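One structure is given here, and the rest of the page talks about it.
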Amino acid sequence: MMKPPNFSVRMEYPELERVRHEIREFLAGDPAMATPRADSWSQFDPAFSGRLGRAGFIGMTWPKRYGGAERSSLERYVVIEELLAAGAPAAAHWIADRQTGPQILRFGSEDQRERILPAIARGECFCSIGMSEPDTGSDLASVRTRAERKGDGWTINGRKIWTSYAHQSHYVLMLCRTSENAAARHQGLSQILVPLDTPGLTIRPIINIAGTHDFNELLFEDVQAPADALIGTEGAGWAQVISELAFERSGPERFLSSFVALEAFAEMARREPAAGAAALIGSLISRLAPLRGMSMSIAEQLGQGVSPNFEAALVKEMGSLFEQDVTERLLGEVVPAADPESSDKFKRLLAEAALRAPSFSIRGGTREILRGIIARDLGLR
Amino acid sequence: MSDIGMIEDTARRTIADGLTTQALDASEQGAWAGALWERLENQGLTRPAAIAEGGAGEGLEIEAAVLRAAAGAALPLPLAETAIASWMLGQHGLDVPTGPLTVASFAPHETLTVEADRVSGRLEGVAWGRNAAAIVAVASGNLVLLDRESAAISVGANLASEPRDTLVFSKAPPLAIGGTADAEALLCRCAAVRALQLAEAAGRVLEIAVEYAGQRKQFGKPIGGFQAIQHQLATAASEVASARVAAQQAYLALAARRNIFFACAIAKARANDAAGAVARIGHQVHGAIGFTREYPLHRYTRRIQSWRGEYGASAYWNRRLGELMLGAKERSLWSIVVSGI
């Protein structure tokens with residue numbers, strides 16, 4: 001008998017009203033909000049992230065001694081969903097706040113925490129993910145980039161790819177092979193934090209179909225990293241990476257990436273009523289509301305130290321389909337054409353969302369990988 | 001506080017013990033599963049809210065637990081309708097008669113009128129109308145409790161052979177008249193219940209399909225080992241999860257007496273579409289065997305296909321939900337998603 005996923009939802013979150021008010025006040029007064037963005041957690045604006053960090057909205061759940069605010073994981077949830085719903089350009093700090101910082105907090109040494117976390121929380125230190133390689137996509141355990149112990153540190157050789165904003169960030173958290181064992185490829189992997197200005201590291205741009213430069217390819221040629229660049233335990237990299245995934249896969253960025261385009265459509269439909277507008281909005285909102293409940297339930301469980309990976313995979317599977325369907329439906333049913341150069345908010349946001357939509361079901365684990373994870377939890381593999 | 005899990009287990013066991021294939025088949029031929037009804041009644045499961053030791057919220061939790069068990073077993077008895085009718089009567093301070101009850105809701109159009117304390121009009125598609133001791137409906141803006149004996153009945157059925165009868169009242173004396181009642185509130189209440197039933201029926205289809213995919217071998221291995229099957233079932237699992245959450249959100253809104261229309265509209269639309277997708281996948285995974293009368297899959301998929309339309313198809317609820325949200329001109333969609341309306 002299969003075990004059903006655990007989603008227990010609540011209706012009232014009175015403890016979250018204060019933080020929601022705080023972040024809405026912050027956004028209402030922030031200059032970046034003059035131009036809301038679609039897929040806003042892929043829009044890099046270091047000045048915005050700096051303002052957000054100084055206002056206490058980055059690293060919110062971390063201990064105060066590392067620059068955090070010791071707030072709950074649900075309070076953080078409220079902040080990030082409000083950023084996305086408003087279209088705030090949140091890419092600069094996103095990965096550091098969501099993944100790299102929490103990994104350092106969980107697995108890092110005291111020195112690493114004190115050195116890096118306060119700068120992340122201030123919105124001054126940005127991080128990239130060093131997982132994929134040219135020959136390693138969904139099959140992550142096949143990574144070949146090697147880090148060898150040489151003297152007092154590490155020497156890294158290899159390539160990483162799809163490394164978003166490596167050209168504007170400070171660190172890349174690498175998944176490297178630190179020992180060879182062909183029979184057990186999930187062993188011998190380690191996480192190493194490498195400053196992006198290290199000699200021997202070449203960053204090459206890859207332009208995406210939206211015409212923007214988010215992605216990079218990273219070439220490591222005898223890159224030297226000190227011994228204390230290792231995050232966590234040598235050889236435990238796979239387990240550490242897996243523990244990141246519930247954080248990476250269950251958040252509101254997995255279903256709200258195109259929401260601003262829907263909001264702009266509603267504003268337009270209120271000005272110029274159109275047949276079918278209500279049905280379109282209703283059919284999308286009736287999918288969004290339960291998804292949000294599921295995602296909040298996971299945030300609450302994560303705050304209690306549970307790692308609901310099955311539940312997270314379900315949210316990402318449904319969520320990426322939803323955020324793609326938002327652009328699909330708007331492109332298919334609404335007359336004004338998407339136009340990236342338009343001064344009309346709806347046309348511009350729809351263009352921005354539509355051009356980025358193909359990535360929604362690829363980044364953070366492809367649709368196929370997620371369905372495989374769900375199938376395993378159903379007992380099929 | 002009652003132990004919800006224990007009540008759900010009790011309901012599941014009681015239903016499993018009394019529900020044979022013969023009983024299911026007989027019911028489809030129009031027989032009333034009276035012995036099982038009595039057994040459920042003796043356990044108090046036909047009046048779930050009355051089991052509650054706490055407030056109305058707990059009553060709804062117990063109702064949901066019992067109805068999950070019933071829908072997960074394709075129980076051919078009006079537990080859901082009886083629960084709604086009892087709840088409505090309780091809300092209006094009216095006594096709840098014994099025996100099976102039903103509810104007739106066709107909001108936003110009322111079809112009954114009260115004149116000089118006599119009720120006239122026509123109710124179509126009344127679930128289990130022929131078996132119910134009494135019917136709860138809204139007539140001329142008031143809640144009324146009607147005696148089945150006072151109606152002229154012509155029988156009908158849905159795709160799952162569940163009774164869906166037409167009842168005509170002609171100056172019938174009601175058993176009771178309650179206070180002002182909103183036909184739309186009744187519709188929302190019924191939609192929440194069907195959403196929960198759809199989610200559970202879909203959950204059962206998923207279970208059956210996963211089990212079958214693990215046993216059925218082709219090309220030398222269980223078909224569940226093929227990605228084509230795994231991915232369909234993964235999709236079904238996500239649909240079931242979201243339908244269950246949507247139903248849970250509707251019940252929370254009912255308990256809180258806030259955002260009821262919003263949450264019930266979402267729940268019914270989501271559960272309709274999710275269950276429809278799961279029924280399609282369930283049949284596809286089963287191949288020909290799932291299309292036979294002998295195999296139990298149809299008990300659930302025929303119910304799903306009927307229930308999707310009952311108390312509002314998705315197109316109805318989505319349109320009304322969108323109209324409500326667009327009509328709140330001073331509010332963003334987002335603020336409504338967060339705080340309700």
Side-chain angles (χ1 to χ4, degrees), chain A residues 1-2 4-5 7-12 20 24 78 81-82 85-86 256 259-260 262-263 265-267 269-270 273 276-294 297 310-311 313-315 317-318 321 367-368 370-381, chain B residues 203 206-207 210-211 213-214 222 224-225 227 229-249 252-253 255-256 258-259 262-263 265-270 273-274 314-315 317-327 329 332-338 340:
Chain A
M1 187 75 127
M2 55 188 240
F7 291 110
S8 66
V9 295
R10 288 202 268 150
M11 175 148 171
E12 317 271 4
R20 195 179 298 284
R24 284 182 178 177
V78 167
E81 75 171 0
E82 290 291 331
L256 288 178
F259 182 79
V260 283
L262 185 65
E263 190 77 82
F265 171 67
E267 287 169 17
R270 281 169 173 159
L280 193 163
I281 287 169
S283 68
L284 290 168
I285 296 296
S286 61
R287 289 165 66 187
L288 172 60
L291 257 175
R292 179 171 174 268
M294 293 160 79
S297 162
F310 177 30
E311 289 80 359
L314 289 166
V315 166
E317 154 71 6
M318 295 217 95
L321 196 59
R367 171 167 296 142
E368 288 68 30
L370 289 157
R371 288 182 179 171
I373 291 168
I374 296 166
R376 192 177 56 217
D377 282 300
L378 292 174
L380 291 167
R381 50 186 285 256
Chain B
L206 174 66
E207 270 180 8
V210 166
E211 196 182 326
Q227 279 196 338
I229 302 294
Q230 290 174 359
H231 288 194
Q232 290 192 65
L233 291 170
T235 301
S238 65
E239 296 284 0
V240 169
S242 103
R244 282 185 165 141
V245 165
Q248 208 182 332
Q249 288 172 324
L252 289 173
R258 283 204 308 115
N259 299 331
F262 182 68
I266 288 171
K268 188 59 169 52
R270 182 80 281 270
D273 294 348
S314 298
W317 286 116
N318 284 332
R319 180 179 53 75
R320 293 210 49 203
L321 175 65
E323 284 167 356
L324 178 72
M325 295 180 83
L326 284 174
K329 287 188 186 297
S332 64
L333 295 185
W334 178 248
S335 79
I336 298 172
V337 168
V338 169

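No hydrogens, no waters, no symmetry mates; every other heavy atom, side chains included, goes into these values. First the proteins, then the strands, lettered A, B, ... as listed; each starts at 1. Just so it is clear, the model here is predicted, and its values are computed rather than measured.
A:Leu370 contributes atom CG, which lies 9.5 Å from atom NE2 of B:His231 (distance to the nearest 0.5 angstrom). Atom OG of residue A:Ser283 and atom CH2 of residue B:Trp317 lie 15.5 Å apart, to the nearest 0.5 angstrom. A distance of 7.5 Å separates OG1 in B:Thr235 from CD1 in A:Ile374, rounded to the nearest 0.5 Å. Here B:Ser238 contributes atom OG and A:Met294 contributes atom CE; the two are 7.5 Å apart, rounded to the nearest 0.5 Å. For the atom pair B:Leu321 CG and A:Leu284 CG, the distance stands at 10.5 Å (nearest 0.5 Å).
Only the side chain of A:Leu288 comes within contact range of chain B, with heavy atoms under 4.5 Å apart. Residue B:Gln230 touches chain A through both its backbone and its side chain, counting heavy-atom pairs closer than 4.5 Å. Only the side chain of A:Arg292 comes within less than 4.5 Å of a heavy atom in chain B; its backbone stays farther off. Heavy atoms of A:Leu256 lying under 4.5 Å from chain B belong exclusively to its side chain. Proximity to chain B involves both the backbone and the side chain of A:Ala277, based on heavy atoms less than 4.5 angstrom apart. When heavy atoms are compared at a cutoff of 4.5 Å, A:Arg20 approaches chain B solely by way of its side chain, counted from C-beta outward. Both the backbone and the side chain of B:Ala253 come within less than 4.5 Å of a heavy atom in chain A. Heavy atoms of A:Glu263 lying under 4.5 Å from chain B belong to its backbone as well as its side chain. For A:Arg10, the part lying near chain B is the backbone, with the side chain staying farther off; criterion is any non-hydrogen pair under 4.5 Å. Only the side chain of B:Ala256 comes within less than 4.5 Å of a heavy atom of chain A; its backbone N, CA, C and O stay farther away. Within the 4.5 angstrom heavy-atom criterion, atoms from both the backbone and the side chain of B:Glu239 approach chain A. For B:Ser314, no part lies near chain A; criterion is any non-hydrogen pair under 4.5 Å. Contacts of B:Val338 with chain A are made by both backbone and side-chain atoms, with heavy-atom separations under 4.5 Å. Using a 4.5 Å cut-off between heavy atoms, A:Glu267 makes no contact with chain B at all.
Counting all heavy atoms, side chain and backbone alike, A:Pro4 lies closest to B:Arg244 at CB-NH1, 4.3 Å. Between B:Asn259 and A:Met11 the shortest heavy-atom distance is ND2-CE, 3.6 Å. Between B:Ile266 and A:Pro290 the shortest heavy-atom distance is CG2-CD, 3.9 Å. Taking every heavy atom of both residues into account, B:Ala241 and A:Leu314 meet most closely at CB-CD1, 4.2 Å.
Ranked by heavy-atom pairs under 4.5 Å with chain A, the first of B:Ile336, B:Leu333, B:Leu252, B:Val210 is B:Leu333. Comparing A:Glu12, A:Glu82, A:Met318 by how many heavy-atom pairs each has under 4.5 Å with chain B, the most go to A:Met318. Top candidate by heavy-atom pairs under 4.5 Å with chain B, chosen from A:Gly379, A:Ser8, A:Ala375, A:Ala86, is A:Ala375. Note on B:Arg319, B:Arg258, B:Gln232: by heavy-atom pairs under 4.5 Å with chain A, the leading option is B:Arg258. For the set B:Ala237, B:Ala274, B:Ala243, the entry with the most heavy-atom pairs within less than 4.5 Å of chain A is B:Ala237. Annotation: maximal heavy-atom pairing with chain A below 4.5 Å, among B:Ala315, B:Ala255, B:Ser332, occurs at B:Ser332.
With hydrogens and angles ignored, the 3.5 Å screen pairs a side-chain donor or acceptor of A:Arg270 with a backbone N or O of B:Leu326.
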>> Does A:Arg287 form a side chain to side chain contact (heavy atoms under 4.5 Å, CB included) with B:Arg270? I'd like the steps, not just the answer.
In response: CA-CA 6 Å; A:Arg287 289 165 66 187; B:Arg270 182 80 281 270; 3.9 Å; yes

>> Run the side chain to side chain contact (heavy atoms under 4.5 Å, CB included) test on A:Leu380 and B:Leu233 for me, step by step, so that the C-alpha distance in whole Å, both residues' side-chain angles and the decisive distance to 0.1 Å come before the verdict.
In response: CA-CA 9 Å; A:Leu380 291 167; B:Leu233 291 170; 3.5 Å; yes

